[in-house]
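Order of the sequence lines sets the chain letters (A, B, ...), proteins ahead of strands, with each chain counted from 1.
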Number of protein chains: 2
Amino acid sequence: MDLKLATEIAKCLSNPTRLQIMEWLKEPETHFPPHETLQHFNDGVCVTYIQEKAGLSQSTISTYLTNMEKCSLLVLTRHGKWSYFKRNEETLKEFSEFIL
Amino acid sequence: MDLKLATEIAKCLSNPTRLQIMEWLKEPETHFPPHETLQHFNDGVCVTYIQEKAGLSQSTISTYLTNMEKCSLLVLTRHGKWSYFKRNEETLKEFSEFIL
DNA sequence: CAAACATATCTATAATTCTCGATATATAAA
DNA sequence: TTTATATATCGAGAATTATAGATATGTTTG
């Protein structure tokens, strides 16, 4: 973890909606309805569910999630037409160690 | 630590200069010259030294430090005409626990 | 008390981020 | 193979942040 990446990560976390999403993704089953096809949250939550819960536009949330994935805060897994995002605990740990 | 405070803290950390200052303050003695009057860094580093090392204007750095202190990332101690800033490890730990 | 010094605050402009609607792309379903 | 669904990307205007110079405030020193 270098200064540049840590700054990008902090930028992602510096918006209440994005930080809230990170919190929700700690426990997807308590914050989101079950998916239509998948019977689990192993790969996280799909964009639509996150968008509906956040209450911002689809494009905004999609951009948020894409950026969070680019700095490896989130991991993206595609299943058919759905994109699932889950937390990358490893990155969070490295960021945490960087600032402490 | 609630969402609002955590967001403010992340905002402070989301700028490369501010994040760099937090890093420098981990080891003041290796990054800053000794102070004129104080023989230690127990209360951190004075604004001028941080400003000179960062290379931004006095007003900018002063504003940075004041804001970082407002969300308790830094602790301010005044000695005469100098303001010393040091890291607040407790807040960093709480922020860290919040995101993990 | 006046001058010098350290820091804080004010004001303003440039740069960046926020957020949306529109549109494009990709997959699935009919 | 058209249509519906899910997500991504583009373009733009509004809001916020970055940053500086000027100035104010508070402290020390002569």
Side-chain angles (χ1 to χ4, degrees), chain A residues 3-4 7-22 25 32-38 41 43-71 73-86, chain B residues 3-4 7-22 25 32-38 41 43-71 73-86:
Chain A
L3 187 79
K4 192 170 151 54
T7 302
E8 290 309 309
I9 288 172
K11 241 178 243 181
C12 284
L13 301 177
S14 74
N15 169 293
T17 302
R18 288 192 299 261
L19 191 52
Q20 179 73 80
I21 290 170
M22 291 301 294
L25 290 180
F32 300 98
H35 286 118
E36 290 179 23
T37 53
L38 293 178
F41 288 103
D43 293 321
V45 181
C46 71
V47 178
T48 303
Y49 284 1
I50 297 174
Q51 187 255 309
E52 285 171 352
K53 192 160 177 79
L56 295 181
S57 75
Q58 187 271 325
S59 69
T60 296
I61 296 299
S62 176
T63 302
Y64 280 3
L65 297 173
T66 300
N67 288 338
M68 291 158 91
E69 193 261 335
K70 272 181 187 149
C71 68
L73 261 180
L74 296 178
V75 176
L76 163 62
T77 309
R78 277 186 234 273
H79 288 285
K81 60 181 171 181
W82 288 283
S83 292
Y84 296 86
F85 288 93
K86 69 177 169 192
Chain B
L3 188 78
K4 192 170 150 56
T7 303
E8 290 309 310
I9 289 172
K11 239 178 243 181
C12 284
L13 301 177
S14 73
N15 169 291
T17 301
R18 288 191 299 260
L19 191 53
Q20 179 73 81
I21 290 170
M22 292 301 294
L25 290 180
F32 300 98
H35 286 119
E36 290 178 22
T37 53
L38 292 178
F41 287 104
D43 293 322
V45 180
C46 72
V47 178
T48 302
Y49 284 1
I50 297 174
Q51 186 254 309
E52 285 170 352
K53 192 160 176 80
L56 295 181
S57 75
Q58 187 270 326
S59 69
T60 297
I61 296 299
S62 176
T63 303
Y64 280 3
L65 297 173
T66 299
N67 288 338
M68 291 159 90
E69 193 261 336
K70 272 180 188 152
C71 67
L73 260 181
L74 296 179
V75 176
L76 163 63
T77 309
R78 277 186 235 272
H79 287 285
K81 59 182 170 182
W82 288 282
S83 292
Y84 295 86
F85 288 93
K86 69 176 169 193

>> A:Ser59: which residues meet the side chain to side chain donor-acceptor pair (under 3.5 Å) condition with it, sequence neighbours left out?
In response: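 Only A:Ser57 meet the side chain to side chain donor-acceptor pair (under 3.5 Å) criterion with A:Ser59.
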> Of all residues at least two apart in sequence or in a different chain, which pass the side chain to side chain donor-acceptor pair (under 3.5 Å) check with A:Tyr84?
Replying inline: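 Checked A:Tyr84 against side chain to side chain donor-acceptor pair (under 3.5 Å); zero matches.
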> Which nucleotide span of DNA chain D, 5' end to 3' end, has atoms closer than 4.0 Å to non-hydrogen atoms of chain B?
Replying inline: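 That gives a stretch of D:dT17 to D:dT28.
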>> With a strict under 4.0 Å distance from non-hydrogen atoms of chain A, what nucleotide opens and what nucleotide closes the contacted stretch of DNA chain C, reading 5' to 3'?
In response: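 That gives a stretch of C:dT17 to C:dA28.
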> Can you list the steps and then say if A:Val45 with A:Ile21 is a side-chain contact (heavy atoms from CB on, under 4.5 Å)?
Replying inline: CA-CA 10 Å; A:Val45 181; A:Ile21 290 170; over 6 Å; no
> Given A:Thr60 and A:Thr17, is the side-chain contact (heavy atoms from CB on, under 4.5 Å) satisfied, shown in steps?
Replying inline: CA-CA 11 Å; A:Thr60 296; A:Thr17 302; over 6 Å; no
Under 4.0 Å between any heavy atoms, over every strand shown, what does [X] touch: base, sugar-phosphate, or nothing? Just pick one.
X: B:Tyr64; answer: sugar-phosphate
X: A:Leu56; answer: sugar-phosphate
X: B:Ser83; answer: sugar-phosphate

>> Both A:Lys11 and A:Lys81 contact DNA chain C. Taking the nearest nucleotide for each, which residue is further toward the 5' end?
In response: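 In this pair, the answer is A:Lys11.
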> Want to settle it: does A:Gly55 or B:Arg78 sit nearer the 5' end of DNA chain C, counting the closest nucleotide to each?
Replying inline: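 Here B:Arg78 is the residue nearer the 5' end.
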> In residues 45-53 of chain B, what residues come within less than 4.0 Å of DNA chain C, judged by heavy atoms?
Replying inline: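 Heavy-atom cutoff 4.0 Å gives B:Cys46, B:Val47, B:Thr48.
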>> Quick one, B:Tyr64 with B:Asn15, criterion side-chain contact (heavy atoms from CB on, under 4.5 Å). Give me CA distance, side-chain angles, the key distance, then yes/no.
In response: CA-CA 10 Å; B:Tyr64 280 3; B:Asn15 169 291; 3.4 Å; yes
> Taking only residues two or more places apart in sequence, or in another chain, which ones meet B:Tyr49 in a ring-ring contact (aromatic ring centres under 6.0 Å, His included)?
Replying inline: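 Testing B:Tyr49 for ring-ring contact (aromatic ring centres under 6.0 Å, His included), a comparison that skips the adjacent residues, returns B:His35.
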[X]: partners by side-chain contact (heavy atoms from CB on, under 4.5 Å), with sequence neighbours left out:
X: A:Thr63; result: A:Asn67
X: B:Lys86; result: B:Asp43, B:Val75
X: B:Thr48; result: B:Cys46, B:Glu52
X: A:Lys81; result: none

>> To the nearest 10°, give me the bend of the helix from C:dC1-D:dG30 to C:dA30-D:dT1, comparing the axes of its five terminal pairs at either end.
In response: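 End axes: 20° apart.
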>> Before you tell me yes or no, could you show the steps for A:Ile50 and A:Phe32 under side-chain contact (heavy atoms from CB on, under 4.5 Å), namely the whole-Å CA-CA distance, both residues' side-chain angles and the distance that decides it to 0.1 Å?
In response: CA-CA 8 Å; A:Ile50 297 174; A:Phe32 300 98; 4.1 Å; yes
>> Under the rule for salt bridge (Lys or Arg N to Asp or Glu O under 4.0 Å), what residues qualify as partners of B:Lys11, not counting sequence neighbours?
In response: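 By the salt bridge (Lys or Arg N to Asp or Glu O under 4.0 Å) rule, B:Lys11 matches B:Glu8.
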